[in-house]
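Heads up, the thing below is written out as structure tokens.
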Amino acid sequence: MDYHRRVFGPMPWWKRRWLVFRHFFSFGQALIDRVAILANKTNHFSFTFDGEHHIREVLAEGHGLLLLTAHLGNWEAAGQLLTRLNVPINVTGFDKEATEIRGLLNEASQAKFRLLPLTGSPTDVIPLVAAMKRGEVVAMMGDRPYGSPSASIPFLGDKASFPIGAYVMAALAGAPLIHVFSLREPGGHYHFFGFPPSRPEMPVYNQRDQYLHECASRFARDLESILRRDPFQWYNFYPFWEPSKQSRAQAAGATTQGLSDAKAASAKTSDHTL
């Protein structure tokens, strides 16, 4: 409901419940479409690919590519584009996310997908960088940090944590990076969006944090521009925004009041016992 408030503004309680219903209905629809697409039952769907030329142009350079996406729309629909690329695709994510994206590996028999799960170890980066250096594609999510290095970015009115590891890996591999998203539109139509590529680099140490912050800010802006087309297709169902100073102060005050009440109750009990 916090997300709905940020997108739609204040609303009565009954409308909040209606928005929650619409959001979960959209999620259910995405799951059904996912099963159909993975079963190659795509005759009921149509697809538009905006920005496909960005992907083909950078792959032609032979330096690999990192595709950064989000829990927005239906990633399996984007697989309809990836299967058309004559290059191996490496899909990566933390163990918590592996089952969520594992279905992409079974998209179609002719696709060359490989799952590279992340464990949080510093060595996770080695096979990803190696894949890009071979000219392959690495695809990963960019809207959940899972405890990995992140930057605090303004997003829909407040600060939220966005991971920065993708930009570091692309810089190490010398590979371009493209933000990509997929949305469902009326009539079973899926719309793929590919933004112009960036070419991450590693500046000197004292400028690195600011540079990575700017990279993550661009991703947050691109994500917001797409999710506002259909806010019910962003499926990040967990507390996403960082607690504000006011909410932290309120929480601390509630804790202090609770301790005071507990002490008072304890004192009364002691007096009664005596």
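Everything quoted here is computed from the prediction, not taken from an experiment.
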Are the charged groups of Glu214 and Arg218 less than 4.0 angstrom apart, N to O? no

Within-4.5 Å side-chain heavy-atom neighbours: Leu19 and Met11: yes

Check: Thr92 side chain, Leu116 main-chain N or O, donor-acceptor pair, under 3.5 Å: yes

Find the distance between CD1 (Ile153) and CG (Leu156) and round it off to the nearest 0.5 Å. 13.0 Å

Is there a side-chain contact between Ile226 and Phe195 in this structure, where contact means two heavy atoms from C-beta onward sitting under 4.5 Å apart? yes

Partner residues of Arg229 under the side chain to side chain donor-acceptor pair (under 3.5 Å) criterion, sequence neighbours left out: none

Determine whether Phe162 and Phe240 satisfy the following criterion, ring-ring contact (aromatic ring centres under 6.0 Å, His included), listing intermediate values before the conclusion. CA-CA 10 Å; Phe162 285 84; Phe240 187 72; 5.5 Å; yes

With no hydrogens and no angle check, is any side-chain donor or acceptor of Trp241 less than 3.5 Å from a backbone partner on Phe155? yes

Test item: Phe237 and Tyr3 side chains (from C-beta on) under 4.5 Å apart, heavy atoms: no

Which pair of heavy atoms, one from Pro200 and one from Ala175, lies closest together, and at what distance? CD-O, 3.8 Å

Can a donor-acceptor pair be found between the side chains of Ser198 and Tyr167 at a distance below 3.5 Å? no

May I have the step-by-step check of side-chain contact (heavy atoms from CB on, under 4.5 Å) for Asn90 and Val137, ending in yes or no? CA-CA 6 Å; Asn90 301 274; Val137 172; 5.8 Å; no

Sequence neighbours left out, what passes side-chain contact (heavy atoms from CB on, under 4.5 Å) with Thr48? Give chain and number order. Asp50, His189, His191

Before giving the answer on side-chain contact (heavy atoms from CB on, under 4.5 Å), spell out for Phe192 and Val180 the whole-Å C-alpha distance, their side-chain angles and the decisive distance to 0.1 Å. CA-CA 7 Å; Phe192 175 89; Val180 294; 3.6 Å; yes

Side chains of Ile37 and Phe45: closer than 4.5 Å at any heavy-atom pair? yes

With ring centroids as reference points, do Phe219 and His179 lie under 6.0 angstrom apart? yes

Once rounded to the nearest 0.5 Å, what's the spacing between atom CG of Leu177 and atom CG of Leu67? 8.0 Å

Heavy-atom side-chain contact between Met132 and His63 under 4.5 Å: no

At their closest point, which heavy atom of Pro176 faces which heavy atom of Gly64, and how far apart are they? CD-O, 3.3 Å

Of all heavy-atom pairs linking Pro197 and His54, the shortest is CD-ND1, 3.9 Å

To the nearest 0.5 Å, atom NE2 of His213 lies from atom OG of Ser152 at 6.5 Å

Worked verdict on Arg56 versus Leu85 for side-chain contact (heavy atoms from CB on, under 4.5 Å): CA-CA 8 Å; Arg56 295 192 177 276; Leu85 304 176; 3.8 Å; yes

Apply side chain to side chain donor-acceptor pair (under 3.5 Å) to His23 and list each qualifying residue two or more places apart in sequence or on a separate chain. His4

Does the pair Glu61 and Arg199 meet the rule for a salt bridge (Lys or Arg N to Asp or Glu O under 4.0 Å), with working shown? CA-CA 13 Å; Glu61 299 173 4; Arg199 301 178 185 276; 3.0 Å; yes

Nearest atoms (heavy-atom pairs only) where Leu59 meets Gly135: CD2-O, 4.2 Å

Report yes if some heavy atom in the side chain of Asp124 is under 4.5 Å from a heavy atom in the side chain of Ile126; otherwise report no. no

Taken to the nearest 0.5 Å, the spacing of Ile164 CD1 from Leu212 CG works out to 4.5 Å

For the residue pair Asp143 and Thr69, establish whether any side-chain heavy-atom pair is separated by less than 4.5 Å. no

Student check: side-chain heavy atoms of Arg208 and Tyr205 closer than 4.5 Å: yes

So CH2 of Trp234 and CZ of Phe181: to nearest 0.5 Å the spacing works out to 11.0 Å

Any luck finding a side-chain donor-acceptor pair between Arg34 and Asn74 under 3.5 Å? no

So CD of Gln233 and CD of Glu185: to nearest 0.5 Å the spacing works out to 8.5 Å

Smallest heavy-atom separation, Glu242 atom then Ala160 atom, equals OE2-C, 3.8 Å

Could you tell me whether Arg6 and Asp158 have a side-chain N and a carboxylate O separated by less than 4.0 Å? yes

Show your reasoning for whether side-chain contact (heavy atoms from CB on, under 4.5 Å) applies to Leu68 and Ile178. CA-CA 6 Å; Leu68 193 62; Ile178 295 180; over 6 Å; no

Linking I/L/V/M/F/W/Y whenever their side-chain heavy atoms sit closer than 4.5 Å, directly or via other members, would Val35 and Phe47 fall into one cluster? no

Least distance between heavy atoms, Met169 atom then Leu128 atom: SD-CD1, 3.2 Å

